[in-house]
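Below is one structure, written out as structure tokens; comments come after it.
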2 protein chains.
Amino acid sequence: MAAAVRVKLAEPGRVVADLTLRKMLGYNIKRAYIVIQADLTRLLEPFGLRLVTFSALSVIVDNPDIQQSQLARTIAIVHPNLVAIVDELETRQLVERRPAPGDRRARVLRATAAGRRLCEQATRQMIRREAAYAASVTADQREVLFDALKAVENSISEER
Amino acid sequence: MAAAVRVKLAEPGRVVADLTLRKMLGYNIKRAYIVIQADLTRLLEPFGLRLVTFSALSVIVDNPDIQQSQLARTIAIVHPNLVAIVDELETRQLVERRPAPGDRRARVLRATAAGRRLCEQATRQMIRREAAYAASVTADQREVLFDALKAVENSISEER
DNA sequence: TATTGTTATACTCTATAACTATA
DNA sequence: TATAGTTATAGAGTATAACAATA
């Protein structure tokens, strides 16, 4: 006669696990994103930058005289939300809005010397922080990680 | 005599790139997370589930009689926010709140038959969708991706 | 008719403070 | 004194609609 199977319930102290979820990329990437995002947000705080303002500044530095609409598309935010971001950077005199030559609707963005300097400092810190993440994986793994993230991102984006 | 270097500006049509940002894990993971998250949210819509309600349901199914506080810690959300999530699942009769034996403060969560069924169906769809992502990377790359994400997540979490 | 920049607005997600009832 | 569940609330982040100016 078979003994009754006793289902193990969740008492305090019992190990509770998200085993099913951990098999899914969506869940793993969310968990990793949350901690990285919090970590980098903290890192940028002394510079008075948020992740989005840093991203915007970085792209402006790399692409002098970029239009706001181009910037919005590049960093994947809807254009109404970019206004406050550029306002913030402009108020701190890190970037300038100038009339776009040849299109009187548009305005082009250019980083000031102070903006370029701040961006450089922040970027240096970010790279250093990233190196700390990389310490937990090999160089090969890091490369695969980057390539796989982009491949997945593109495979989904291209569908719609 | 050297010709004056003409800086290429951002005209409409010019390729604008986030090259500096793309060297950073934080940026790549954010971009990938956004598209995956949107994709999976769409997938769960027909089930009447959001990503977080699906996560909660999945952990409850896997851990019968888990306490709310344990669940909150497991899926990394602060406990006040779990209340509405469990309310939602309970209203739809996917889970039940029961008094916790031995601790009259606590309540334990158990999935109903309907909850288990819905979770199973949703999980099957999620796994199928994940397989589509996996098609853009090799099996080896997928494994490295998962391991690297967890390694990075843990390397940051352990610091604080 | 479409696009650029803008304002206003709403909705989701996440975080904190504070309460109650128990331990 | 600390913990479990709860309520209320506030702050990010993100999305849509609608407008003026211009293409």
Side-chain angles (χ1 to χ4, degrees), chain A residues 10-13 16 30-31 33-38 40-42 44-45 48-56 60 65-91 95-109, chain B residues 10-13 16 26 30-31 33-35 37-38 40-42 44-45 49-56 60 65-91 95-109 160:
Chain A
E11 298 106 30
V16 171
K30 178 175 186 174
R31 295 296 298 258
Y33 170 65
I34 288 169
V35 296
I36 291 176
Q37 185 265 110
L40 294 179
T41 298
R42 213 161 23 229
L44 289 174
E45 225 163 71
L49 294 171
R50 295 175 293 142
L51 276 172
V52 284
T53 50
F54 170 72
S55 297
I60 294 168
D65 286 7
I66 187 176
Q67 287 187 12
Q68 284 195 194
S69 53
Q70 289 179 303
L71 174 57
R73 280 189 294 271
T74 304
I75 61 176
I77 65 169
V78 297
H79 69 284
N81 290 337
L82 191 62
V83 178
I85 293 165
V86 175
D87 284 350
E88 196 177 321
L89 293 172
E90 197 180 33
T91 301
V95 308
E96 286 173 358
R97 274 192 253 236
R98 304 184 176 199
D103 188 341
R104 282 160 55 200
R105 294 171 303 181
R107 318 176 70 175
V108 296
L109 304 171
Chain B
E11 298 105 30
V16 171
K30 178 175 187 173
R31 296 296 298 257
Y33 170 65
I34 287 169
V35 297
Q37 185 264 110
L40 295 178
T41 298
R42 212 159 27 230
L44 290 174
E45 226 164 70
L49 293 171
R50 294 175 292 143
L51 275 173
V52 20
T53 51
F54 169 72
S55 297
I60 294 168
D65 286 6
I66 187 176
Q67 286 187 11
Q68 286 195 194
S69 53
Q70 289 178 304
L71 174 57
R73 280 190 294 270
T74 304
I75 61 177
I77 64 172
V78 297
H79 68 284
N81 290 337
L82 191 62
V83 177
I85 292 166
V86 175
D87 283 349
E88 196 177 320
L89 293 172
E90 197 180 33
T91 301
V95 308
E96 286 173 357
R97 274 191 252 235
R98 304 185 177 196
D103 188 340
R104 281 160 57 201
R105 293 170 303 180
R107 315 175 70 174
V108 295
L109 304 171
R160 36 215 89 273

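Keep in mind that the numbers below use all heavy atoms, side chains included, and drop hydrogens, waters and symmetry copies.
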Is a donor from one side chain sitting under 3.5 angstrom from an acceptor on the other, for A:Glu45 and A:Thr41? no
Going from CD on B:Gln67 to CG on B:Leu109, what distance comes out if it is rounded to the nearest 0.5 angstrom? 9.0 Å
Donor-acceptor pair under 3.5 Å, B:Arg105 side chain vs D:dT3 base: yes
Reported NE2-to-CD distance for the pair A:His79 and A:Gln68, which is rounded to 0.5 angstrom: 9.5 Å
For DNA chain D, whose closest nucleotide is more 5', that of A:Gly102 or that of A:Pro80? A:Pro80
Atom-to-atom span, CG of A:Leu82 to C1' of D:dA15 - whole angstrom: 15 Å
Closest listed nucleotide, where the reference is the side chain of A:Gln67 and the choices are D:dG5, C:dG5, D:dT6: C:dG5
Any side-chain N or O of A:Arg107 less than 4.0 Å from the OP1 or OP2 oxygen of C:dT3? no
Is B:Arg98 close enough to D:dG5 that one of its side-chain N or O atoms is under 4.0 Å from OP1 or OP2 there? no
Report the residue (A:Arg104 or A:Ala76) whose heavy-atom-nearest nucleotide on DNA chain D is the more 5′ of the two. A:Ala76
May I ask you to evaluate whether B:Arg50 reaches the phosphate of C:dC13, defined as a side-chain N or O under 4.0 Å from OP1 or OP2? yes
Just to confirm, is there a sub-4.0 Å distance from OP1 or OP2 of C:dT6 to any side-chain nitrogen or oxygen of A:Gln68? yes
Which of these nucleotides, C:dC13, D:dG5, C:dT16, is closest to any side-chain atom of B:His79? D:dG5
Distance check needed: C:dT3 C1' versus A:Gln70 CD, whole Å only. 13 Å
Given C:dT3, is OP1 or OP2 found less than 4.0 Å from the side-chain N or O atoms of A:Ser69? no
What is the separation between atom CG on B:Leu40 and atom P on C:dC13, rounded to the nearest whole Å? 14 Å
Quick one: B:Leu51 CG to C:dC13 P, roughly how many Å, whole number? 9 Å
In whole angstrom, what separates A:Leu89's CG from C:dG5's P? 15 Å
Send over the distance from A:Glu88 CD to D:dA12 P, rounded to a whole Å. 10 Å
Side-chain contact check for B:Val78: nearest option of C:dT16, D:dA21, D:dA15 is C:dT16
Winner on side-chain proximity to A:Asn81, out of D:dT14, C:dT22, C:dT14, is D:dT14
Between atom CG in B:Leu71 and atom P in D:dG5, what is the gap in whole Å? 9 Å
Between B:Ile77 (CD1) and D:dA12 (C1'), how many Å, whole number? 17 Å
Quick one: pull up CD1 in A:Ile66 and OG1 in A:Thr74 and give me the separation to the nearest 0.5 Å. 4.5 Å
Kindly compute the distance separating CG (A:Leu40) from CG (A:Leu44), expressed to the nearest 0.5 Å. 6.5 Å
